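Read the structure below first, then the notes.
Computation of the quantities below employed the complete heavy-atom set of this structure, encompassing side-chain atoms and omitting hydrogens, waters and symmetry-equivalent molecules. Keep in mind that this is a model prediction, so the values were computed, not measured. The chains referred to below are lettered A, B, ... by the order of the sequence lines, with proteins before strands, and numbering in each begins at 1.
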Amino acid sequence: MTKRQTRIFFLGSTALFSLIFLALTVDTHQRIRTLTHSGEITPAVIAGKHVWHRKNCINCHTLLGEGAYYAPDLTKIAEQRGAPYLRSFLTDPSKFYNETRDRRLMPNLHLTPGEIDEVIAFLSWVGKIDNQGWPPRPILVSGAAIPGSDVGGAAPQAASDDPVAVGQALFRQTPPGCFACHSTAAGVNVVGPSLSGIAATAAARVTAADYTGKATDAAGYIRESILLPNASLAPGANYSANGVSLMPPGFEQSLQPAQLDALVAYLMTLK
Amino acid sequence: MRYRTQAVAYPYFVVALLLYGLQMVFGILSITKYLGPDPLMGLLPFDISKEIHTNVLIVWVLTGFMGATYWLVPEESRTELHSVRLAYLQLGLWTIAGVTAVVSYLFHWTEGNKLLEQPQPVKFAIVIVMLMFLYNVGMTIWKARRLTTTEGVLVAGLALAALLYLPALLTFDNYTLSIYYRWWTVHLWVEGVWEMIQGGLLAYLLIRLSGADREVMEKWLYVIVGLTFIAGILGTAHHYFWIGVPSYWLFIGGFFSALEPLAFLGMAIYAYTAMRRSGLAHPNRLALHWTIGSAIFSALGAGILGLAHTWPSVNKWTHGTMITAMHGHMAFFGAYVMIVLAMITYAAPGLFGHDQESTESPAGVWAFWLQMAGMFGMTMAFAAAGIGQTYLERILGLGYLETQHKIQVHFLMVLGTGTLFTLGVALYLYDFFFLAPKRRPAPAAWPPAPEAQG
């Protein structure tokens, strides 16, 4: 091989692969519209993207797995936690996490309510991008996808007296020990059904034709399911037998009314 | 120093090394925040310390590249530099732009786009500086009518680096598209044209340090940069895995990323064979260490550790974990930090007016080995953290916060080995700023004996 030949190898292969790359880029541009639902990029989504950049979110969090590794991935966060929770969290993160206990805390970014709604719109749009199904299983901020596997982690104590924060902590305390049977990750059903999206599920079930309980709204349905597990049975052969739910009874006695309210408030944020 | 104007490299190296020191400060700060709680959260939260850590790295490595080029081009083209004044002016503007970026981050002024956070005016200043630089180098070569392959590859790499910075000026409403083009700058820099720059500098150093035949070295240089681009251009696809682009990028990314170690392996073999022929005969043994170290560490960090997580079925689980930090640290250090330090170490005796005589100081040797050991340790600690995180958080489904709590011991290890590394950097700076200028050749060795001339 002479130097002239290796130079031709270098120039030729570089030109060839650059051309292939450019051709694929043109194709990607066309397919990206469907894959990212670009029709749904509303002014609010764009404004939310600006908030995302301006507040430097990417230098702690990852989005679509890209960014820094100091804080959780937010690709599916809007779907996982729903707008009411995120709105409340972003207004004051210290109400939900405690720096001494969790070692890390998101600084209060002092976002205006408008900015918060915009960033939620942006994150909701990101969550719907068709990205080959990543992440392969849900990435949770805290807790565990598999019930009972988070023993030894941060002690579940509420960071503030916000009902949602109290309810979230309560969910992982024993009693009532909800987390021992229920996960909050989508599709992870172990002993009891996953409570991911329970607020939406409850709202749908309460109006269903075969609903047998007395609740009239989603919160009422959740409350009823905790206190009277047999009032209406969750579909699935593993969750009830002979018309009796496998969920243990007796939470009427073991939960204070305020605790029950908090638990319902928390579960209502699982959209 | 064969040409007077090569001295321009000195202030570039000074700025580069001072920024290297600053990078360490923000690195240590950032890892400390992983241990939490963070008393500085209100003043200097993690996002800012990390942003400064990575941005200062890019700025100082580029400063080093520019200084190295100003050192190398007069020698290769056998002429004085076109304009010394322009080179100084360029450095001044570059430093102002760099410092402005860092200060603006401290005041939360950022574009919040990973690694390309520079505020828009700073971005324009960077483009202007690059143009000044390319003009100056281009005029030097044009006036001399002499362009060697080594400097051609180096300067082409720098020109392409400037060109590929332009996508960073674009903004898109679609987040997926903005990620898509962000990698044109970031990936095609570090796994494309910067590698070309590294190759050019490596060829120069190997020719000088081993006395290897230029024709042979330059012939293989073409092969190495050819391999770099075959793998590197379509290798961009490994950044397109889960961001909302068509699925064919998965296969392309997996396949071409698997080829990426070839170019680095090529560089390691290149360095090894050049050195095997001549042995470690050159008096500047430290420059030799940094040169060969760069070839080996980049093969390991960029080549092997990159390959470790670019296969789609692996990356699906490791994407966005500490595994990326493991690869990033060793790759950047091996490929770019070490090649710049090799150039500085090689040029230092000339810049201080005592050609390649008596250049090895205990401080310099310690600086080398402490950085080696520190970086190796950090990489291992990041790997342990990343494997733990992938298993607990991604596979078992444990929450992010609980996982971080459980892998905290590895962050402690990063802090420990990072401190060791920082000590090495401090020694390097001490050697360059305080010891090397005082090192004068012994009277008997001046003028150098003919056999000692490199």
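Interatomic distance, CG of A:Leu63 versus CD1 of B:Ile179, reported as 6.5 Å (0.5 Å rounding). In this structure, A:Phe21 CZ and B:Phe229 CZ are separated by 12.5 Å, a value rounded to the nearest 0.5 Å. Atom OH of residue B:Tyr222 and atom CZ of residue A:Arg4 lie 11.5 Å apart, to the nearest 0.5 angstrom. Summarising the geometry, atom CG belonging to A:Asn56 is positioned 12.0 Å from atom NZ belonging to B:Lys114; distances are rounded to the nearest 0.5 Å. Within the model, atoms CE of A:Met1 and NZ of B:Lys219 stand 6.0 Å from one another, a figure rounded to the nearest 0.5 Å. One distance of note links NZ of B:Lys316 with CZ of A:Arg137; it measures 12.0 Å at 0.5 Å rounding.
Residue with the most contacts toward chain A among B:Pro246, B:Gly36, B:Ser30: B:Pro246 (heavy-atom pairs, distance under 4.5 Å). For the set A:Ser18, A:Gly133, A:Ala71, A:Gly12, the entry with the most heavy-atom pairs within less than 4.5 Å of chain B is A:Ala71. Between chain B and the residues A:His61, A:Glu66, A:Arg54, the most heavy-atom pairs under 4.5 angstrom are made by A:Glu66. Note on A:Ile41, A:Val45, A:Ile139: by heavy-atom pairs under 4.5 Å with chain B, the leading option is A:Ile139. Heavy-atom pairs under 4.5 Å with chain A peak, among B:Ile230, B:Leu392, B:Val223, B:Thr149, at B:Ile230. For the options B:His108, B:Glu117, B:Met322, heavy-atom pairs under 4.5 Å to chain A are most numerous at B:Glu117. Between chain A and the residues B:Thr403, B:Leu221, B:Asp173, the largest count of heavy-atom pairs under 4.5 Å involves B:Asp173. The choice from A:Pro72, A:Ser13, A:Cys57 that makes the most heavy-atom pairs within less than 4.5 Å of chain B is A:Pro72. Put simply, of A:Thr28, A:Thr62, A:Ile46, the one with the most heavy-atom pairs under 4.5 Å next to chain B is A:Thr28. Highest contact tally toward chain B, considering only A:Trp134, A:Trp125, A:Phe17, is held by A:Trp134 [criterion: heavy-atom pairs under 4.5 Å].
Residue contact with chain B, scored on non-hydrogen atoms closer than 4.5 Å, is absent for A:Leu16. Interface residue B:Phe241: only backbone heavy atoms are found under 4.5 Å from chain A. The parts of A:Pro107 that come within reach of chain B are both its backbone and its side chain, each placing non-hydrogen atoms under 4.5 angstrom from that chain. Residue B:Leu250 touches chain A through its side chain alone, counting heavy-atom pairs closer than 4.5 Å. Using a 4.5 Å cut-off between heavy atoms, B:Lys50 contacts chain A through its side chain alone, with no backbone atom that close. For chain A, the nearby part of B:Glu111 is the backbone; its heavy atoms alone come within less than 4.5 Å. Only the side chain of B:Thr236 comes within contact range of chain A, with heavy atoms under 4.5 Å apart. Neither the backbone nor the side chain of B:Ile31 has a heavy atom closer than 4.5 Å to any heavy atom of chain A. Proximity to chain A (any heavy atom under 4.5 Å) is restricted, for B:Ser178, to the side chain, taken from C-beta onward. Only the side chain of B:Gln408 comes within less than 4.5 Å of a heavy atom in chain A; its backbone stays farther off. For chain B, the nearby parts of A:Arg7 are the backbone and the side chain; heavy atoms of each come within less than 4.5 Å. If you measure heavy-atom distances from A:His29 to chain B, the contacts under 4.5 Å come from the side chain alone. Within the 4.5 angstrom heavy-atom criterion, no atom of B:Trp109 approaches chain A. Of the two parts of A:Leu22, only the side chain, counted from C-beta on, holds a non-hydrogen atom closer than 4.5 Å to a non-hydrogen atom of chain B. Only the side chain of B:Ile252 comes within less than 4.5 Å of a heavy atom of chain A; its backbone N, CA, C and O stay farther away. Interface remark: B:Met217 contributes no atoms to any contact with chain A (heavy atom separation under 4.5 Å). Of the two parts of B:Phe411, only the side chain, counted from C-beta on, holds a non-hydrogen atom closer than 4.5 Å to a non-hydrogen atom of chain A. Neither the backbone nor the side chain of A:Asn108 comes within contact range of chain B, judged by heavy atoms closer than 4.5 Å.
Residue B:Leu401 comes nearest to A:Ser142 through the heavy atom pair CD1-CB, 4.2 Å, listed as atom of the first residue, atom of the second, then distance. Closest heavy-atom contact between B:His319 and A:Leu64: NE2-O, 2.8 Å. The heavy-atom pair separating A:Leu24 from B:Tyr248 by the smallest distance is O-OH, 3.4 Å. Closest of all the heavy-atom pairs between A:Phe9 and B:Leu227 is CE2-N, 4.2 Å. Minimum interatomic distance between B:Gly112 and A:Ile58 (heavy atoms only, all atoms of both residues): O-CG2, 3.3 Å. Summarising the geometry of B:Phe46 relative to A:Cys60, their closest heavy-atom pair is CD2-SG, 3.7 Å, with the distance given to 0.1 Å.
For the residue pair A:Thr75 and B:Trp242, no side-chain donor N or O sits within less than 3.5 Å of a side-chain acceptor on the partner. Using modelled atom types, one finds a donor on one side chain and an acceptor on the other under 3.5 Å when comparing A:Arg104 with B:Tyr400. For the residue pair B:Asn174 and A:Ser38, no side-chain donor N or O sits within less than 3.5 Å of a side-chain acceptor on the partner. A donor atom on one side chain and an acceptor atom on the other are found under 3.5 Å apart for A:Trp52 and B:Tyr175.
Put simply, the side chain of A:Tyr70 gets close to the backbone of B:Lys33: a donor and an acceptor are under 3.5 Å apart.
With sequence neighbours excluded, the residues that form a salt bridge (charged side-chain N to carboxylate O under 4.0 Å, His left out) with B:Arg214 are B:Glu76, B:Glu218.
Proximity of A:Asn59 to B:Tyr105: side-chain heavy atoms (C-beta onward) are nowhere separated by under 4.5 Å. Residues B:Met196 and A:Phe10 form a side-chain contact, since some pair of their non-hydrogen atoms from C-beta on lies under 4.5 Å apart. Taking the side chain as every heavy atom from C-beta outward, A:Ile32 and B:Val245 approach each other to under 4.5 Å.
The number of heavy-atom neighbours closer than 6.0 Å to OH of B:Tyr181, taken from other residues, nucleotides and ligands shown, is above 12.
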